[in-house]
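To keep things clear, I will list the structure first and then write my remarks on it.
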Amino acid sequence: MKSQTIIDTINDGSPNKLQVLQSEEVGKYLADQNGMTLYYFKKDTPGVSNCSGECLKIWPPFYADSIKAPAGFHKNDFNTIIREDGQRQTTYKGYPLYYFVNDQQPGDIKGQGVKDVWFVVNKHFLQEKE
């Protein structure tokens, strides 16, 4: 079993705070306020989600307004897009963020590396794209 540690959480009482978790496998990575891991899709482009239909059943979009960014992340790097289906989705550095349906507990990173196109948001963010 992989261990995870909460590195930074904003406890100002506001909703939609993000946190940084850490695992042996991927290092520090971004999670929502409940500790659920956030992912990006290698086939997305800045401001555009290329995950639709069946894909969204496995990779539900993450959305939160008024993001409170944890240490090491800048609030200005988070934004919102309107997907083709009309849903709002939070982006990081332009890339839409998702959950993975098989992550059942806080700290799960079962989506990391799936089909070599799904990755956690960590310090290697975007390096996998190149």
- Query: Quick one: does T80's side chain have a donor or acceptor within less than 3.5 Å of a partner on R88's backbone?
  - Reply: no

- Item | I81 reachable from F78 in the ILVMFWY side-chain graph, under 4.5 Å edges | no

- Result of checking L38, V121, L21 against Y29 for side chain to side chain contact (heavy atoms under 4.5 Å, CB included): L21

- Query: Hey, are the side chains of K93 and P46 touching, using non-hydrogen atoms and a 4.5 Å cut-off?
  - Reply: no

- Task: Consider only side-chain heavy atoms of I, L, V, M, F, W and Y, link residues closer than 4.5 Å, and tell whether I58 and Y63 are in one cluster.
- Result: no

- Task: Would you check, one step at a time, whether the test side-chain contact (heavy atoms from CB on, under 4.5 Å) holds for K43 with V117?
- Result: CA-CA 7 Å; K43 295 181 180 180; V117 293; 3.9 Å; yes

- Note on the structure: dist K75:NZ -> S66:OG (nearest 0.5 Å) comes out at 6.0 Å

- Task: Mind checking the OH-CG spacing from Y95 to D44? Nearest 0.5 Å is all I need.
- Result: 8.5 Å

- Item | Pair W59 and Y39, ring centroids less than 6.0 Å apart | yes

- Q104 side chain vs V101 backbone, donor-acceptor pair below 3.5 Å: yes

- Any donor-acceptor pair under 3.5 Å linking the side chain of D116 with the backbone of G113? no

- Measuring from N50:CG to K42:NZ, what's the distance to the nearest 0.5 Å? 14.0 Å

- Task: Quick one: which residue pairs count as a disulfide (SG to SG under 2.5 Å) with a foot in residues 64-117, not counting sequence neighbours?
- Result: none

- Between F100 and W118, does a ring-ring contact (aromatic ring centres under 6.0 Å, His included) hold up when you go through it step by step? CA-CA 9 Å; F100 182 47; W118 292 96; 8.1 Å; no

- Item | Minimum heavy-atom distance between D32 and Q19, given as atom pair plus value | O-NE2, 3.0 Å

- Task: State whether a side-chain donor-acceptor pair under 3.5 Å links N79 with Y92.
- Result: no

- Query: Quick one: does Q89's side chain get under 4.5 Å of F62's, heavy atoms only?
  - Reply: no

- Going by heavy atoms in the side chains, are I67 and F73 under 4.5 Å from each other? no

- Query: So, S49 and Y98: side-chain donor and acceptor under 3.5 Å apart, yes or no?
  - Reply: yes

- Query: Can you tell me if Q22 uses its side chain to pair, donor with acceptor, with the backbone of G27 under 3.5 Å?
  - Reply: no

- Any disulfide (SG to SG under 2.5 Å) pairs touching residues 52-92, not counting sequence neighbours? C51-C55

- Show the numbers, then the answer: is there a side-chain contact (heavy atoms from CB on, under 4.5 Å) between L18 and L30? CA-CA 7 Å; L18 298 178; L30 194 62; 4.0 Å; yes

- Whether T90 side chain and A64 backbone form a donor-acceptor pair below 3.5 Å: yes

- Item | Note, P96 side chain near Y40 side chain (heavy atom, < 4.5 Å) | no

- Donor-acceptor contact present, side-chain N34 to main-chain M36, <3.5 Å: no

- Do the non-hydrogen side-chain atoms of L97 and P61 ever get within less than 4.5 Å of each other? no

- Query: Is the closest side-chain heavy-atom distance between V26 and I109 below 4.5 Å?
  - Reply: yes

- Item | All salt bridge (Lys or Arg N to Asp or Glu O under 4.0 Å) counterparts of R83, not counting sequence neighbours | D85

